[in-house]
Amino acid sequence: MTATCVILDIGGVLEITPETGWVRRWEERLELPSGTVNERMRDVWRAGSLGSIGERDVHEQVAARLGLDAHQVEGFMADLWTEYLGTPNEELIDYVRGLRGSCRLGILSNSFVGARQREAELYRFDDLVEQIVYSHEIGLAKPDRRAFEAACVSLDVRPENCLFVDDVAVNIEAARAAGMRSHLFEDNARTIARIAAHVNTGP
């Protein structure tokens, strides 16, 4: 319980995930007013992020709420996952890989049902860190304090020995409130320097 620990977010940190404009393109294709897709799908997106529905349910709701046939649903979901998964932040991933053995390593991600399989296949995050805590698997999402507590429990570490890295300010504040040290990701150089300082200081 005295181990130094680094816990990272995925989207916007380990993955580079700029907006692709896919939702607006679908709205234009379907001749829907801007904002319609997320308005109709908001509760489904939330349910998927907390794991209260499965992937098949998501597909069925997309079809029903947007009037899409099976082929269109596949294209719609492919576009969703393209933006969600982004591209790997290779520099940071390589740095974290080099930390293995010198501290405990984990991931805490606000996710979506189906993310673990896709991210494991594409990026091997399951080999990068010891534990991955996904919101859709625990039914809790950041900034809920219980999500941070779950991440610490999964690694058997004390919050005060953990550095949490995220690109969303409200999550950084929530991590601090949960007793963790935290760093707002803005670029690789400052993030790597902050992690190095944490790991070298020790618990």
Side-chain angles (χ1 to χ4, degrees), residues 1-18 45-46 48-52 84-86 88-113 115-116 118-120 123-203:
M1 287 290 287
T2 59
T4 303
C5 178
V6 177
I7 299 175
L8 303 105
D9 177 39
I10 296 181
V13 178
L14 293 173
E15 292 170 355
I16 301 166
T17 54
W45 298 154
R46 178 67 176 168
S49 73
L50 295 177
S52 57
Y84 182 103
L85 295 167
N89 184 349
E90 297 283 11
E91 181 183 17
L92 184 58
I93 290 171
D94 288 345
Y95 176 75
V96 172
R97 186 175 292 113
L99 292 174
R100 288 187 298 192
S102 62
C103 65
R104 307 300 302 274
L105 292 169
I107 282 172
L108 174 61
S109 174
N110 282 358
S111 52
F112 196 72
V113 61
R116 181 180 288 273
R118 289 170 174 83
E119 286 172 333
Y123 303 135
R124 307 299 303 173
F125 289 146
D126 50 334
D127 290 337
L128 182 68
V129 301
E130 298 165 69
Q131 296 289 335
I132 304 177
V133 176
Y134 282 113
S135 67
H136 76 274
E137 293 178 348
I138 64 170
L140 298 166
K142 299 173 292 186
D144 190 318
R145 182 189 183 105
R146 294 171 296 172
F148 299 97
E149 293 171 347
C152 292
V153 168
S154 75
L155 288 159
D156 192 27
V157 292
R158 291 193 175 98
E160 61 267 25
N161 295 334
C162 290
L163 175 68
F164 176 68
V165 179
D166 200 296
D167 63 322
V168 177
V170 68
N171 294 336
I172 291 299
E173 293 303 319
R176 289 179 183 148
M180 304 169 78
R181 304 174 193 184
S182 57
H183 172 76
L184 181 65
F185 178 87
E186 295 176 293
D187 59 58
N188 285 337
R190 280 179 283 188
T191 298
I192 288 170
R194 180 67 185 89
I195 293 173
H198 175 73
V199 172
N200 293 334
T201 300

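Note that the coordinates shown come from a computational prediction; the quantities given were computed from them, not determined experimentally. Hydrogens, waters and symmetry mates are skipped; everything else that's a heavy atom, side chains included, is used.
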Checklist entry - With a 4.5 Å limit on heavy-atom distance, are the side chains of Arg194 and His198 in contact? => result yes
Checklist entry - Which heavy atom of Gly48 sits nearest a heavy atom of His136, and at what distance? => result O-CB, 3.4 Å
Next on the checklist: Whether the side chain of Lys142 engages the backbone of Leu108 through a donor-acceptor N/O pair (distance < 3.5 Å, no angle test) should be reported.
Outcome noted: yes
Checklist entry - Just how far is it from atom CG of Asn110 to atom CG of Asp166, taken to the nearest 0.5 Å? => result 8.0 Å
Checklist outcome for this item: CD1 (Ile138) and OG (Ser154) are apart, to the nearest 0.5 Å, by 9.0 Å
Item to check | Any Leu92 side-chain heavy atom under 4.5 Å of Ile192 side chain | outcome: yes
Item to check | Point-to-point distance, once rounded to the nearest 0.5 Å, from CZ of Phe164 to CG of Leu8 | outcome: 8.0 Å
Item to check | Main-chain N/O of Leu105 paired to Glu130 side chain as donor or acceptor, under 3.5 Å | outcome: yes
Next on the checklist: I'd like to check Glu119 versus Leu14 (side-chain heavy atoms, cut-off strictly below 4.5 Å). Are they in contact?
Outcome noted: no
Checklist entry - Taking side chain as C-beta onward, heavy atoms only, is Ile93 less than 4.5 Å from Phe125? => result yes
Checklist entry - Which atom names give the shortest non-hydrogen contact between Cys152 and Pro159, and what distance separates them? => result SG-CA, 3.8 Å
Next on the checklist: If I take atom CG from residue Asp9 and atom CD1 from residue Ile107, how far apart are they, to the nearest 0.5 angstrom?
Outcome noted: 9.0 Å
Next on the checklist: Tell me the closest heavy-atom pair linking Ser135 and Ser111, and the distance in Å.
Outcome noted: OG-N, 2.8 Å
Next on the checklist: Suppose we screen for side chain to side chain donor-acceptor pair (under 3.5 Å). Which residues come up paired with Tyr123, at least two apart in sequence or across chains?
Outcome noted: none
Next on the checklist: I'd like to know whether CZ of Arg46 has more than 12 heavy-atom contacts from other residues, nucleotides or ligands below 6.0 angstrom.
Outcome noted: no
Checklist entry - Are side-chain N/O atoms of Thr191 and His183 paired as donor and acceptor at under 3.5 Å? => result yes
Checklist outcome for this item: Residues Cys162 and Val157: closest non-hydrogen pair is SG-CG2, 3.3 Å
Checklist entry - Does CZ belonging to Arg118 count more than 12 external heavy atoms closer than 6.0 Å? => result yes
Checklist entry - What closest approach, in Å, do Leu155 and Cys5 show between heavy atoms, and which atom pair accounts for it? => result CD1-SG, 3.6 Å
Checklist entry - Taking it one step at a time, do Asp126 and Arg124 satisfy side chain to side chain contact (heavy atoms under 4.5 Å, CB included)? => result CA-CA 5 Å; Asp126 50 334; Arg124 307 299 303 173; 4.1 Å; yes
Item to check | Ring centers of Tyr84, Phe112 separated by less than 6.0 Å | outcome: no
Next on the checklist: Does any part of the side chain of Ile195, heavy atoms only, come nearer than 4.5 Å to the side chain of Tyr95, both counted from C-beta?
Outcome noted: yes
Item to check | side chain to side chain contact (heavy atoms under 4.5 Å, CB included) between Val6 and Val96, intermediate numbers included | outcome: CA-CA 9 Å; Val6 177; Val96 172; 6.0 Å; no
Next on the checklist: Can you tell me how far apart CD1 (Ile172) and CE (Met180) are? Round to the nearest 0.5 Å.
Outcome noted: 9.0 Å
Checklist entry - Which atom pair, heavy atoms only, marks the closest approach of Phe148 to Asn171? => result CZ-O, 3.5 Å
Item to check | Contact check, side chains of Asn89 and Asn188, non-hydrogen atoms, under 4.5 Å | outcome: yes
Checklist entry - Looking at residues at least two apart in the chain, or sitting in another chain, which of them share a side chain to side chain donor-acceptor pair (under 3.5 Å) with Glu149? => result Arg145
Checklist entry - In Å, rounded to the nearest 0.5 Å, how long is the span from OG1 of Thr17 to CG of Asp167? => result 6.5 Å
